[in-house]
Amino acid sequence: MIKKLFLFLAIAAAVAACSSKFDALLMSNDVDAKYDAAFNYFNSGKYRKAASLFESLSVMTTGTERDDTVQFYWGLSNYKNKDYYTAEANFSKFVNNFPRSAFSSEARFMRIDCLYRSTLRYELDQIPTYTAINAIDEYLRDYPNEGRASECIAMSKTLNDRLDKKAFENAKLYYKMEDFKASRVAFKNIIKNDPDNIYREDILYYIAMSSYKYAKNSIPGKQKERYLDFIDDYLNFIGEIPDSPYRKELNAMYLRAQRAVGKAVGEDATDKMKDKDFERERKAAAKK
């Protein structure tokens, strides 16, 4: 027990000595000693201490040949310490202050990486996502042939897919609440504003489903007009995605909608689409 106590005290004393040495160095005005120590801490993986020293040096080296190096490694130390918010601020300031530095391209990419890591899942505020996408677009415009371009493109795709999902899920909430009129409008707005949305097939499906259910739940005097809207949505859907797994379900609804508006089953589809596959399916459904 006594040996353990002495060992504990020795360790505590060593830690206190190191701490005192670091604190003294942090308060020192010796630029060279502080500069060397900052890199020693950085290279040893002690990024929090390195960041503190580089921060202190940033004031002392302003306007000198070490200025951009200190500023860059201050940001990189914070990044390595997983303090992405502070690191992004460091790199953003660096890019503005040292546009011609040898570190400029890397600093811009590191800022993007920090922004990317700070984005939120699709259910939450997506302002950070838009900020990251804009930064990526600017980087790719200015450095189209840099080795980091493929990483930026991959990050941009992930972020844009997240925005697509948010838009899709937001519109889907109206459908789940059975507000089918609002649902149809919301889904159609997605197609209008973002025709390349990765959920396009599902969106077109829900547009048709929304218009069908809106018509079905309407008063008799409004049903015919609203079933005609569904028929338009249905024809748009199968015209664009004829082999969709949703087609069988929508075909059955189309037959019911045609009966509801008092037309010969399949007449419009045959005339407008000349779709032999649809005609075959229509006849099969009529026999059941």
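Numbers here simply count residues along the sequence, with the first being 1.
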- Query: Would you say the side-chain atoms of Ser44 and Asn40 include a donor-acceptor pair closer than 3.5 Å?
  - Reply: no

- Message: Surrounding OH of Tyr85 (heavy atoms of other residues, nucleotides or ligands, distance under 6.0 Å), is the total greater than 12?
- Response: no

- Is it true that atom NZ of Lys216 has more than 12 heavy atoms of other residues, nucleotides or ligands lying nearer than 6.0 Å? no

- Message: Quick check on the 6.0 Å ring-centre criterion: do Tyr206 and Phe237 meet it?
- Response: no

- For Lys80, does the NZ atom have more than 12 heavy-atom neighbours from other residues, nucleotides or ligands under 6.0 Å away? no

- Query: Between Arg184 and Asp233, is there a salt bridge with N-O shorter than 4.0 Å?
  - Reply: yes

- Once you round to the nearest 0.5 Å, how far does OH of Tyr41 lie from NZ of Lys46? 6.0 Å

- Option passing ring-ring contact (aromatic ring centres under 6.0 Å, His included) with Tyr84 (candidates Tyr79, Tyr116, Phe91): Tyr79

- Mind checking what makes salt bridge (charged side-chain N to carboxylate O under 4.0 Å, His left out) contact with Glu65, not counting sequence neighbours? none

- Query: Out of curiosity, does Trp74 fall in the hydrophobic cluster containing Phe42 (side-chain heavy atoms, cut-off under 4.5 Å, transitive links)?
  - Reply: yes

- Query: With no hydrogens and no angle check, is any side-chain donor or acceptor of Asp113 less than 3.5 Å from a backbone partner on Phe109?
  - Reply: no

- Message: Is it the case that the side chain of Ser52 and the backbone of Arg48 share a donor-acceptor pair, with hydrogens and angles ignored and the cut-off at 3.5 Å?
- Response: yes

- So, do Tyr212 and Tyr227 have ring centers that fall under 6.0 Å from each other? yes

- Message: Does this structure show an ion pair linking Arg121 with Glu123, if we count only N-O contacts that are shorter than 4.0 Å?
- Response: yes

- Main-chain N/O of Asn29 paired with Lys34 side-chain donor or acceptor, under 3.5 Å: no

- Using the six-membered ring wherever Trp is involved, compare the ring planes of Tyr254 and Tyr234 and label them parallel, tilted or perpendicular (cut-offs 30° and 60°). parallel

- Message: With heavy-atom distances below 4.5 Å as the criterion, would you say the side chains of Met253 and Leu250 are in contact?
- Response: yes

- Task: Would you please name every residue forming a salt bridge (charged side-chain N to carboxylate O under 4.0 Å, His left out) with Lys157, sequence neighbours left out?
- Result: Asp161

- Query: Is there a path from Met110 to Ile153 through hydrophobic residues (I, L, V, M, F, W, Y) whose side chains come within less than 4.5 Å of each other?
  - Reply: yes

- State whether the side chain of Asn81 and the backbone N or O of Ser77 hold a donor-acceptor pair below 3.5 Å, judged by distance alone. no

- Item | Ring center gap for Phe72 and Phe98 short of 6.0 angstrom | no

- Item | Side-chain (Ser211) to main-chain (Ile207) donor-acceptor, under 3.5 angstrom | yes

- Task: List the steps and the verdict of side chain to side chain contact (heavy atoms under 4.5 Å, CB included) for Asp142 and Arg108.
- Result: CA-CA 10 Å; Asp142 294 340; Arg108 286 186 66 175; 2.8 Å; yes

- Query: Hey, which of Thr64, Val70, Asp36, Leu57 is the one that makes side-chain contact (heavy atoms from CB on, under 4.5 Å) with Val31?
  - Reply: Leu57

- Query: Got more than 12 heavy atoms from elsewhere within 6.0 Å of OH, Tyr174?
  - Reply: no

- Check Lys213, Arg226, Lys224, Lys181 against Ser218 for a side-chain contact (heavy atoms from CB on, under 4.5 Å) and give me the one that passes. Arg226

- Item | Ile190 reachable from Met209 in the ILVMFWY side-chain graph, under 4.5 Å edges | yes

- Message: If you count heavy atoms of other groups shown closer than 6.0 angstrom to CE of Met177, is the number above 12?
- Response: yes

- Task: Treat each ILVMFWY residue as a node, draw an edge where side-chain heavy atoms are under 4.5 Å apart, and state whether Tyr130 and Leu159 are in one component.
- Result: yes

- Please determine, by modelled atom types, if Glu201 and Ser244 share a side-chain donor-acceptor pair under 3.5 angstrom. yes

- Would you find a donor on one side and an acceptor on the other, under 3.5 Å apart, between the side chain of Thr131 and the backbone of Ile127? yes

- Task: Give the cluster check for Tyr47 versus Leu53: same hydrophobic cluster or not, with ILVMFWY residues linked at side-chain heavy-atom distances below 4.5 Å.
- Result: no

- Task: Without swapping roles, check the side chain of Glu169 against the backbone of Ala167 for a donor-acceptor pair under 3.5 Å.
- Result: no

- Note on the structure: Sorted by chain and number, sequence neighbours left out, salt bridge (charged side-chain N to carboxylate O under 4.0 Å, His left out) with Arg162 holds for none

- Item | Phe168, Tyr246, Phe187 screened by ring-ring contact (aromatic ring centres under 6.0 Å, His included) with Tyr205, the one that passes | Tyr246

- So, do Leu255 and Arg259 sit near enough that their side-chain heavy atoms are less than 4.5 Å apart? yes

- Message: salt bridge (charged side-chain N to carboxylate O under 4.0 Å, His left out) for Asp137 and Arg141? Distances and angles first, verdict last.
- Response: CA-CA 6 Å; Asp137 290 343; Arg141 181 195 64 209; over 6 Å; no

- Is there a side-chain contact between Tyr35 and Thr69, using heavy atoms and a 4.5 Å cut-off? yes

- Beyond-backbone contact of Ile231 with Leu235, side-chain heavy atoms, under 4.5 angstrom: yes

- Glu240 versus Leu204: any side-chain heavy-atom pair under 4.5 Å? yes

